[in-house]
Amino acid sequence: MKTGRIIKSISGVYRVDVDGSYYDTKPRGLFRKNKFSPIVGDVVDFEVENITEGYIHHVHERKNELKRPPVSNIDHLIIVMSAVEPDFSTQLLDRFLVIAHSYHLRPRILVTKKDLTTDSISQNIKHHLSIYEDMGYNTQFIGVDDDIQDVFRAWGPGLAVLSGQSGVGKSTLLNSYFPNLDLETQHISKSLNRGRHTTRHVELFERANGFIADTPGFSALDFDHIQKDEVKHYFLEINEIGEQCKFRNCNHLKEPKCQVKKAIEEGHIAQFRYDHYVQLYNEIANRKERY
Ligand SMILES: Nc1nc2c(ncn2[C@@H]2O[C@H](COP(=O)(O)OP(=O)(O)OP(=O)(O)O)[C@@H](O)[C@H]2O)c(=O)[nH]1
Ligand SMILES: [Mg+2]
Ligand SMILES: [Zn+2]
């Protein structure tokens, strides 16, 4: 029996890495019966017939798990946004952050395509990133000229997962880190590729002291697993100041003596963050429950 980490899964075949050697494996029938599927990132025990034929017997307990795309045991979730093409959006960023926190992941923020920005766009992004830094997030703002080794090194060891909208440059980052990788990236012609997702599956690549995962970009975010009363906890500064509200269950909407409202008036919480919170709260409050 060997133990390794699943780095890729295609049509029911799981590729497992054991210290740089790869084995193609399948789960034993037992998993199918229990409706449990291994996912990329899982640490598994498997039996080897030969390198193209192995059987997964056991999946080690997951430290955490992202549902879309399915990846487990994440050490660093890197939320990738581009400065332009597609344009940087704090609304979208806040939504990604909510999803990350809902899975108990502590995300980092990485903004790409700095080389394509004008001074005013660049200033605007830096201004917003400093607000996120104040909330406690690590942020990076990079372009093609930056030293990619430094960018990756900042994350520390372990499994780093790149996640974000289609076209922000996730695969491009990997291609510049691994000169021989040659992952498919979006072509220049934007009109032809609108809404197209270039990367189609999750795959882990070995990097210095860990792994990095490329993932398919997504266009729609799924909040189905989040209840309206939870949302306030996933806006870190609102959560922190909200502990001082008069009512313990204050949702910071129309309740009296709300400290969050006060903090906005005094400039300690950014208005845009609160607006995004209320927007998401209302969306979830108004959604039709599916059974
Ligand atoms: N100028 C510039 N172009 C970039 C940068 N990063 C990415 N690009 C370009 O942006 C386009 C999209 O990059 P991809 O790496 O395919 O984006 P992706 O996030 O992997 O997209 P999906 O796989 O669809 O999720 C490509 O044409 C890249 O060359 C950057 O920092 N500067
Ligand atoms: Mg890609
Ligand atoms: Zn309140």
Side-chain angles (χ1 to χ4, degrees), residues 8 68-69 71 77-88 92 96 109-118 121-122 125 140-148 150-152 160-178 181-205 212-221 228-229 231-233 235 237-266 268-269 273-274 277-278 281:
K8 182 173 176 168
R68 261 212 240 166
V71 198
L77 181 69
I78 319 294
I79 297 181
V80 187
M81 299 213 95
S82 48
V84 290
E85 301 175 16
D87 288 345
F88 178 75
L92 194 61
F96 279 126
I109 302 165
L110 173 66
V111 181
T112 60
K113 307 196 191 183
K114 190 179 184 181
D115 54 295
L116 296 181
T117 59
T118 59
I121 291 176
S122 168
I125 288 170
Q140 288 165 295
F141 184 22
I142 62 160
V144 285
D145 313 321
D146 283 84
D147 182 348
I148 193 74
D150 284 348
V151 174
F152 278 41
V161 174
L162 300 177
S163 177
Q165 231 184 330
S166 193
V168 296
K170 301 179 294 296
S171 303
T172 302
L173 282 169
L174 286 178
N175 281 341
S176 45
Y177 187 75
F178 301 102
L181 192 58
D182 201 22
L183 290 175
E184 197 194 343
T185 58
Q186 235 169 55
H187 300 293
I188 311 299
S189 165
K190 274 165 247 148
S191 56
L192 279 176
N193 287 294
R194 187 148 299 192
R196 203 187 100 176
H197 299 244
T198 309
T199 303
R200 290 193 187 73
H201 61 264
V202 186
E203 182 164 358
L204 304 191
F205 301 96
I212 178 149
D214 193 12
T215 69
F218 34 101
S219 36
L221 289 173
K228 63 179 190 304
D229 295 340
V231 183
K232 57 179 181 281
H233 300 306
F235 285 76
E237 78 287 35
I238 293 179
N239 184 52
E240 197 183 321
I241 292 178
E243 281 172 13
Q244 297 153 22
C245 289
K246 181 170 162 67
F247 296 105
R248 203 169 57 83
N249 297 323
C250 187
N251 277 323
H252 325 307
L253 301 166
K254 298 213 156 68
E255 296 91 337
K257 301 222 166 118
C258 173
Q259 297 304 305
V260 169
K261 285 277 185 72
K262 188 165 159 242
I264 295 164
E265 277 163 29
E266 291 171 355
H268 303 307
I269 291 179
R273 287 275 295 170
Y274 179 72
Y277 161 65
V278 175
Y281 178 95

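All ligand and atom numbering here is 1-based and tracks the order in the structure.
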Check each atom of ligand 1 against the heavy atoms of Thr198 and keep those under 4.0 Å away; list them by number with element.
22 (P), 23 (O), 24 (O)

A correct count of protein N/O/S atoms found below 2.8 Å of the Mg ion (ligand 2) gives 2

Is the closest N or O pair between Thr215 and ligand 1 shorter than 3.5 Å?
no

Between NE2 on residue His233 and CD on residue Glu243, distance to nearest 0.5 Å
9.0 Å

Below a 4.0 angstrom heavy-atom separation, can you tell me which part of Leu116, side chain or backbone, both or neither, approaches ligand 1?
side chain

Holding to salt bridge (Lys or Arg N to Asp or Glu O under 4.0 Å), I want the full list of residues that pass it with Lys8, two or more places apart in sequence or in another chain.
Glu203

So is Gly217 polar-close to ligand 1, meaning N/O to N/O under 3.5 Å?
yes

If you count the non-hydrogen atoms of other residues, nucleotides and ligands that lie under 6.0 Å from CD in Gln140, is the total more than 12?
yes

Which bit of Asn175 gets closer than 4.0 Å to ligand 1, counting heavy atoms only: side chain, backbone, both or neither?
neither

Below 4.5 Å, heavy atoms only, C-beta onward: do Leu162 and Leu174 meet side chain to side chain?
yes

Is there a side-chain contact between Leu173 and Ile142 in this structure, where contact means two heavy atoms from C-beta onward sitting under 4.5 Å apart?
yes

4.5 Å side-chain heavy-atom contact, Val202 and Pro216:
yes

Using a 3.5 Å distance criterion without hydrogens, assess whether the side chain of Tyr274 forms a donor-acceptor pair with backbone atoms of Val260.
no

For atom 24 (O) of ligand 1, state which one of Ala83, Ser166, Pro86, Ser82 supplies the nearest heavy atom.
Ser166

Could you check if a side-chain atom of Phe96 sits within less than 4.5 angstrom of a side-chain atom of Met81, using non-hydrogen atoms only?
yes

Between ligand 1 and Thr112, is the shortest N or O to N or O distance under 3.5 Å?
no

Nitrogen or oxygen atoms of Gly169 and ligand 1 under 3.5 Å apart
yes

If you count every protein N, O or S atom closer than 2.8 Å to the Zn ion (ligand 3), you should arrive at 4

CA sep, side-chain torsions, deciding dist, call: Gln165, Ser82, side-chain contact (heavy atoms from CB on, under 4.5 Å):
CA-CA 9 Å; Gln165 231 184 330; Ser82 48; 5.7 Å; no

Residues which pass salt bridge (Lys or Arg N to Asp or Glu O under 4.0 Å) with Asp150, listed by chain and number, not counting sequence neighbours:
Arg153

Salt-bridge criterion met for Lys113 and Glu85 (N-O under 4.0 Å)
no

Nearest heavy atom to atom 5 (C) of ligand 1, choosing from Met81, Lys113, Arg200, belongs to Lys113

Out of all atoms in ligand 1, which are within 4.0 Å of some heavy atom of Ser171? Include the element for each.
15 (O), 20 (O)

Indicate yes or no: does an N/O atom of Glu184 lie under 3.5 Å from an N/O atom of ligand 1?
no

Looking at CZ of Arg200 and CD of Glu184, how far apart are the two atoms once the value is rounded to the nearest 0.5 Å?
6.0 Å

Per-atom contacts of ligand 1 with Asp115, taking only distances under 4.0 Å to non-hydrogen atoms:
1 (N), 2 (C), 30 (C), 31 (O), 32 (N)

Roughly how far, to the nearest 0.5 Å, is CD1 of Ile264 from OH of Tyr277?
10.5 Å

Is Ile142 in polar range of ligand 1, meaning some N or O pair under 3.5 Å apart?
no

Judging by distance only, is a nitrogen or oxygen of Thr172 under 3.5 angstrom from one on ligand 1?
yes

Atom pair CG/OG1 of Asp87 and Thr117 - distance to nearest 0.5 Å:
11.5 Å

Using the rule side chain to side chain donor-acceptor pair (under 3.5 Å), only one of Thr199, Thr185, Asp182, Thr215 pairs with Ser171; which is it?
Thr199

